[in-house]
Amino acid sequence: TYSPEPDQQLTLPPGWVSLGRVDPEEDLSLTFALRQQNLERLPKLVQAVSDPGSPRYGKYLSLEEVAELVRPSPLTLHTVQKWLLAAGARNCQSVITQDFLTCRMSVRQAELLLSGSEFHRYVGGPAETHVVRSPRPYRLPKALASHVDFVGGLHRFPPTSSLRQRPEPQAAETVG
Amino acid sequence: LHLGVTPSIIRKRYNLTAQDVGSGTTNNSQACAQFLEQYFHDSDLAEFMQLFGGDFAHQASVAHVVGQQGRGRAGIEASLDVEYLMSAGANISTWVYSNPGRHESQEPFLQWLLLLSNESALPPVHTASYGDDEDSLSSAYIQRVNTEFMKAAARGLTLLFASGDSGAGCWSTSGRHQFRPSFPASSPYVTTVGGTSFQNPFRITNEIVDYISGGGFSNVFPRAPYQEEAVAKFLSSSPKLPPSSYFNASGRAYPDVAALSDGYWVVSNRVPIPWVSGTSASTPVFGGILSLINEHRILNGRPPLGFLNPRLYQQHGAGLFDVTRGCHESCLNEEVQGQGFCSGPGWDPVTGWGTPNFPALLKTLIDP
């Protein structure tokens, strides 16, 4: 196996508290970021349609054209889908660019699929939000190393707003 | 004199006249995205416009909500996003991406990226106030999200991200202090918006740095080709650079632009709330102004602006008020004493090229 995100911070953000492990039969939704193709062509393409000096300035691609360019290879699609089906993941949905796959599965299946992961429920944030995350890193079979970028829904917590209500500026000082 | 930032203060400062609103005849649109478990209330928007929208044509409700609007109290950030995007980009159809992916185990920001990859017809301008410390995210995640931004740029979407509210940021590794860049603000494929304050908070004056304005140099992405000249000039001319050990001088520098971020009035849960501050406020304002420019471009048979940065830097920030006074905050230690970078003539890593002067900006971005 290998760890796709060895450098992802796993510490609990301030303000979040663990409510313990999630029941193995509970449902999860995980997002698999599949390896894309032709990424080396994207920067030039972006430059060409964004640089006023370029003859292709403003001639943007449609979503379908982007999908055509970056769609994962048939081998990637086949390898990942076979792996998910074997683990019992059902109800997987893709996107038009086919480079993300969101699947629902039980906690038990997920913890078997993503070895090392352990799903807990947490509560935190101003709205007392409940999320399910894994405080322990996950690993994937080595055969997937060239097919999956990362798995979303395990480690990153919802952000909190940094908007602040500041004290009113000192009237006398500034107006004067 | 005024008692804080409202739409009319924004419009006066950035020289938006009553005619500078959406024509209502194009298919132009704009969107703001929320990832914070916050929701907005239609009734707050209606009250806000009743209080503050009297002198410009505006739409009284959001055109399209993607995701679920939860019940319960409105969030102040969600309220501000909608209210100021619809005041700056007045009378333009506005979408709200509301916490996509509500399932407990989903990451709302990632789900938003999936939505961008799953909808062919999208608003040209998207504003988002979301950011994480670069060092807290895996390189696999950062690189893939950056690729998603490239895909959006290739499609002509303008993605605006708040630059963050902790100035240059600060963290210490093995006893050494460093500045702490934020992502997605540090992605070379988004336009990052910093923050300013009025020099006199009770008047419409020139703007100075808002000390919280996020900015700096990425530790992940190299300097973007389009900003080579501007950043090199800053680094060679700034009189007050922090110690070089604090930042990666060859990294992608941000922000790219700025707008007022200090002292906003927001209506949330039916209550008008004064003195709200953060780059989450400047971002929808800049987004709304770009939507107005798109409106003119569409009426002239031009495509929307798309990924703005190459053009913005090529034009050396023409059409923007240059912010040249003030420094943002950083490590509170003896070495830098809480001071990060300082603004100066031209581009700087505190306010970018500056804040929008609409008629001048329109003139520089209308053609081609």
Side-chain angles (χ1 to χ4, degrees), chain A residues 4-9 28-31 33 36 39 42-43 45-47 49-53 57-64 66 70 95-97 99-100 102 119 121 125-127 129-133 149-150 152-154 156 158-169 171 174-175, chain B residues 1 35-38 72 75-77 80 101 103-108 110-111 114 117-120 129-132 135-141 143-144 147 150-151 153-156 164-166 189 200-202 262-263 273-278 280-281 302-303 306-307 309-311 314 368:
Chain A
E5 302 187 73
D7 48 350
Q8 172 66 41
Q9 179 176 287
L28 276 186
S29 176
L30 296 174
T31 299
Q36 297 148 318
L39 293 186
L42 262 182
L45 203 60
V46 169
Q47 185 62 25
V49 299
S50 311
D51 181 346
Y57 179 64
K59 295 186 173 54
Y60 306 125
L61 278 69
S62 67
L63 178 58
E64 289 64 29
V66 171
V70 302
V95 289
I96 291 178
T97 47
D99 47 9
F100 284 108
T102 300
F119 289 91
R121 179 171 275 104
T129 307
H130 282 70
V131 295
V132 171
R133 294 290 186 271
D149 285 338
F150 68 89
L154 279 98
R156 285 163 288 277
T160 48
S161 172
S162 52
L163 260 188
R164 290 286 175 274
Q165 196 180 12
R166 285 183 197 166
E168 188 176 319
T174 34
V175 171
Chain B
L1 284 182
F35 312 112
L36 301 172
E37 293 298 321
Q38 287 199 13
I76 196 168
E77 182 151 337
L80 183 149
H103 189 283
E104 286 179 307
S105 68
Q106 285 182 328
E107 300 175 28
L110 186 59
Q111 296 313 306
L114 267 72
S117 277
N118 212 25
E119 285 181 38
S120 300
S129 310
Y130 167 77
D132 261 316
D135 57 87
S136 73
L137 300 169
S138 69
S139 44
Y141 176 82
Q143 293 298 337
R144 175 53 185 266
T147 299
M150 276 200 269
K151 285 162 59 179
R155 294 169 61 192
D165 295 338
S166 10
Y189 291 99
N200 178 335
F202 298 107
D262 184 21
I273 303 166
W275 307 115
V276 176
S277 301
S280 318
R302 295 266 178 217
F307 175 44
N309 288 15
R311 179 163 188 167
Q314 242 179 64

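Each chain gets a letter, A, B and so on, in the order its sequence line appears, and its residues count up from 1.
When only modelled atom types and interatomic distance are considered, A:Arg156 and A:Gln9 share no side-chain donor-acceptor pair under 3.5 Å.
At a 4.5 Å heavy-atom cutoff, the contact between A:Thr97 and chain B is made by backbone and side-chain atoms alike. With a 4.5 angstrom heavy-atom cutoff, A:Pro43 touches chain B via backbone and side-chain atoms both. For chain A, the nearby parts of B:Glu77 are the backbone and the side chain; heavy atoms of each come within less than 4.5 Å. Looking at B:Ser129, neither its backbone nor its side chain comes within 4.5 Å of chain A, counting heavy atoms on both sides. For A:Arg164, the parts sitting under 4.5 Å from any heavy atom of chain B are the backbone and the side chain alike. Of the atoms belonging to B:Gln38, it is side-chain heavy atoms, and not backbone ones, that fall under 4.5 Å from chain A. Using a 4.5 Å cut-off between heavy atoms, A:Pro159 contacts chain B through both its backbone and its side chain. Both the backbone and the side chain of B:Tyr141 come within contact range of chain A, each with at least one heavy atom under 4.5 Å from a heavy atom of that chain. At a 4.5 Å heavy-atom cutoff, the contact between B:Ile76 and chain A is made by backbone and side-chain atoms alike.
Without hydrogens or angle criteria, A:Ser50 side chain to A:Val46 main chain gives a donor-acceptor distance under 3.5 Å. Panel note: side chain B:Asn118, backbone A:Ile96; a donor-acceptor pair is recorded below 3.5 Å.
Chain B forms more heavy-atom pairs under 4.5 Å with one residue of A:Ser161, A:Gly58, A:Pro158 than with any other, namely A:Ser161. In terms of heavy-atom pairs under 4.5 angstrom with chain A, the leader among B:Pro310, B:Pro303, B:Ala154, B:Gly278 is B:Ala154. Note: A:Arg121 leads A:Gln47, A:Arg121, A:Glu64 in heavy-atom pairs under 4.5 Å with chain B. Among A:Thr31, A:Leu63, A:Val66, the residue making the largest number of heavy-atom pairs under 4.5 Å with chain B is A:Leu63. Ranked by heavy-atom pairs under 4.5 Å with chain A, the list B:Ala281, B:Ala153, B:Ser139 is led by B:Ser139. In terms of heavy-atom pairs under 4.5 angstrom with chain B, the leader among A:Ser29, A:Ala33, A:Gly152, A:Ser162 is A:Ser29. When each of A:Leu154, A:Asp51, A:Val49 is scored by its heavy-atom pairs under 4.5 Å with chain B, the top score falls to A:Asp51.
Counting heavy atoms from C-beta on, the side chains of A:Gln8 and A:Phe150 never come closer than 4.5 Å. B:Arg155 places none of its side-chain heavy atoms less than 4.5 Å from the side chain of A:Ser62. Between B:Gln143 and A:Asp149, every side-chain heavy-atom pair lies at or beyond the 4.5 Å cut-off.
In this structure, B:Arg144 satisfies the cation-pi test against A:Phe100, with its NZ or CZ atom closer than 6.0 Å to the six-membered ring centre and inside 45 degrees of the ring normal.
Taking each heavy atom of A:Val95 and B:Ser117 in turn, the nearest pair found is CB-O, 3.8 Å. Shown here for A:Gly153 and B:Glu107, the closest heavy-atom pair between the two residues is N-OE2, 2.5 Å. Looking at every heavy atom in both residues, B:Leu80 comes nearest to B:Ser280 through CD2-O, 3.5 Å.
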